[in-house]
Protein chains: 2
Amino acid sequence: MNSQPLLSYINKIVTLTEEEETYFTSKLVYRKYLKGQYILQQGDVSNKICFIVSGCVKMFYVDDLGQEHILMFGVENWWTSDLGSFVSQAPSDFNVQCIEDTELIQVSHNIIEDTYSKIPKLERCFRIIVEKAYVASQKRIVRNFSMSAKDRYLVFNESYPEIEQRIPQYMVASYLGITKEFLSKIKSQIATEK
Amino acid sequence: MNSQPLLSYINKIVTLTEEEETYFTSKLVYRKYLKGQYILQQGDVSNKICFIVSGCVKMFYVDDLGQEHILMFGVENWWTSDLGSFVSQAPSDFNVQCIEDTELIQVSHNIIEDTYSKIPKLERCFRIIVEKAYVASQKRIVRNFSMSAKDRYLVFNESYPEIEQRIPQYMVASYLGITKEFLSKIKSQIATEK
DNA sequence: AAATAATGTTAATCTAGTTTAACATTTATT
DNA sequence: AATAAATGTTAAACTAGATTAACATTATTT
């Protein structure tokens, strides 16, 4: 298994010794999923968090009216999972499905506490990761509060130009919290402006 | 200074020894603010996180059009601060202002790293706190995605019945992301239904 | 007790974004 | 190459929530 992408990622945040790397690596599970496969399903307990080595996933939920709402995408060097379900080991509200064939490294719940205790630096690392995720989540709330759909689309576009190329437009609309028809209108509006 | 409320709070998450409590307590700062005072101002660096012993605060930002948007309230046993600014020591996007006279315990940025190293249990504690905050933030995004303003109001009401009593209605509206006029309409609508 | 400031209500008009529905284009499958 | 499935577009009618503005009520200050 090639754990290198994950180790490089972690070493940007904390510095692990060789033994620590070896120990941690021995606990990891490598997996491949095909496009369309589910990594997590609404109602199941998320017993692992996944580091994406390659590919692309969407995390979404289906509301009472059967409508799909995308909360986040995941690409190379991102984490994916329902953290709420992972930490509480309660049934998840979300699905994670592959939009492309995806390779990932899984860190399972039953090793994480033990790993934190053995290698406190990893607990620090995950603290920092979650802090960043929280800050990003708050920023998204702020954008949804005071920006128009058009401006949210432009921000998404500037922030993640690579992602926009890789996913169908109706998923971008879902992520932005608007209908695909309205995004289509926004795009044609932007095109005319130029 | 009375650090007991904070220590009880922490001991629900991790168990500190007496020496650890003493050490940590020695680093804390106790402060009182009056209603109306600012604990943090947009543009300033948030150099402390604050544990609320008593009182009530709002965290908000003012957008380009001069409109105030409330991101969260804080009451007894809650934390308040712009965590993004705190961890990165960059200027804050948010204000934190007291809605009531407020007593708090401050943990300053310059002691936090040192404290984490000396007492890894506290790093664990804060990891867990941030995890919960992140999960709550995601849930809020979900609600804003697929619930009407009326339903969001009802959820807020059920989740924080104590808070609703303590703050003016226009602030609830701001928190929900709607105008005070529309909240007024929602409330009269709810009243007629019964 | 009067005056002022802060908070809350109502109603008319307006708009960003939804819904519905029909059609167009691109991609995948046989 | 033909067909089906997935994705994207356009336009008309609609709705949740915003805006404006006038007024009502409740606190606070003098």
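All chains are named by letter (A, B, ...) in the order of the sequence lines, taking the proteins before the strands, and each is independently numbered beginning at 1. Because the structure is predicted, anything quoted here is derived from the model rather than measured.
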Protein-proximity profile, nucleotides 21-30 of chain D, B/S/- by nucleotide at the 4.0 Å heavy-atom cutoff, equals B---------
Closest listed nucleotide, where the reference is the side chain of Gln67(B) and the choices are dT19(D), dT10(D), dA18(D) | dT19(D)
Taking only residues two or more places apart in sequence, or in another chain, which ones meet Thr22(A) in a side chain to side chain contact (heavy atoms under 4.5 Å, CB included)?
-> none
Any residue meeting side chain to side chain contact (heavy atoms under 4.5 Å, CB included) with Thr17(A), in chain and number order, not counting sequence neighbours = Glu19(A), Glu20(A), Lys121(A)
Return the value, rounded to whole Å, for the distance between atom [atom1] of [X] and atom [atom2] of [N].
X: Gln189(B); N: dT15(D); atom1: CD; atom2: P; answer: 14 Å
X: Lys185(A); N: dA21(C); atom1: NZ; atom2: C1'; answer: 15 Å
X: Phe182(B); N: dA16(C); atom1: CZ; atom2: P; answer: 17 Å
X: Glu68(A); N: dT7(D); atom1: CD; atom2: P; answer: 10 Å
X: Leu183(B); N: dA18(D); atom1: CG; atom2: P; answer: 10 Å
X: Ile186(A); N: dT15(C); atom1: CD1; atom2: P; answer: 17 Å
X: Lys187(A); N: dT7(D); atom1: NZ; atom2: P; answer: 14 Å
X: Met147(B); N: dA16(D); atom1: CE; atom2: C1'; answer: 15 Å

Sorted by number, residues from residues 164-178 of chain B placing a heavy atom under 4.0 Å from DNA chain D are Gly177(B), Ile178(B)
Name every residue in residues 149-158 of chain A that has at least one heavy atom under 4.0 Å from any atom of DNA chain D, in order of residue number, or write none if there are no such residues.
-> none
Quick one: name the residues clustered hydrophobically with Val135(A), using the 4.5 Å side-chain heavy-atom rule over I, L, V, M, F, W, Y, and just say none if it's on its own.
-> none
Indicate every side-chain donor-acceptor pair of residues 167-179 of chain B with a distance under 3.5 Å to a residue at least two apart or in another chain.
from	atom 1	to	atom 2	distance (Å)
Gln169(B)	OE1	Lys187(B)	NZ	2.9
Ser174(B)	OG	Glu68(B)	O	3.2
Ser174(B)	OG	Ile70(B)	N	2.9
Thr179(B)	OG1	Phe182(B)	N	3.2

Give a yes/no on whether any side-chain N or O of Thr179(A) is located under 4.0 angstrom from OP1 or OP2 of dG17(C).
-> no
Distance from Phe60(B) atom CZ to Leu71(B) atom CG, nearest 0.5 Å?
-> 10.5 Å
Atom pair CZ (Phe24(A)) and CG (Leu6(A)), whose distance is rounded to the nearest 0.5 Å | 5.0 Å
Rounded to 10°, tell me the angle between the two end axes of the helix from dA1(C)-dT30(D) to dT30(C)-dA1(D), each built from five pairs.
-> 40°
With Ser108(A), which residues qualify under side-chain hydrogen bond (donor to acceptor under 3.5 Å, both in side chains), at least two apart?
-> Asn110(A)
Please, which pairs that meet salt bridge (Lys or Arg N to Asp or Glu O under 4.0 Å) have at least one residue in residues 135-154 of chain A, sequence neighbours excluded?
-> Lys150(A)-Glu193(A)
Under 3.5 Å, side chain of Glu131(B) to main-chain N/O of Gly84(A), donor-acceptor pair present?
-> no
Examine distances only and state if a side-chain atom of Thr15(B) and a backbone atom of Asn11(B) form a donor-acceptor pair shorter than 3.5 Å.
-> no
Could you tell me whether Glu103(B) and Arg31(B) make a salt bridge, using a distance below 4.0 angstrom between a side-chain N and a carboxylate O?
-> no
Quick note, side-chain hydrogen bond (donor to acceptor under 3.5 Å, both in side chains) partners involving residues 86-98 of chain A, not counting sequence neighbours, are Gln42(A)-Asn95(A), Asp82(A)-Ser92(A)
Which atom of Ser85(B) lies closest to which atom of Asp44(B), heavy atoms considered = OG-O, 4.0 Å
All ring pair (Phe, Tyr, Trp, His ring centres under 6.0 Å) counterparts of Tyr23(B), not counting sequence neighbours = none
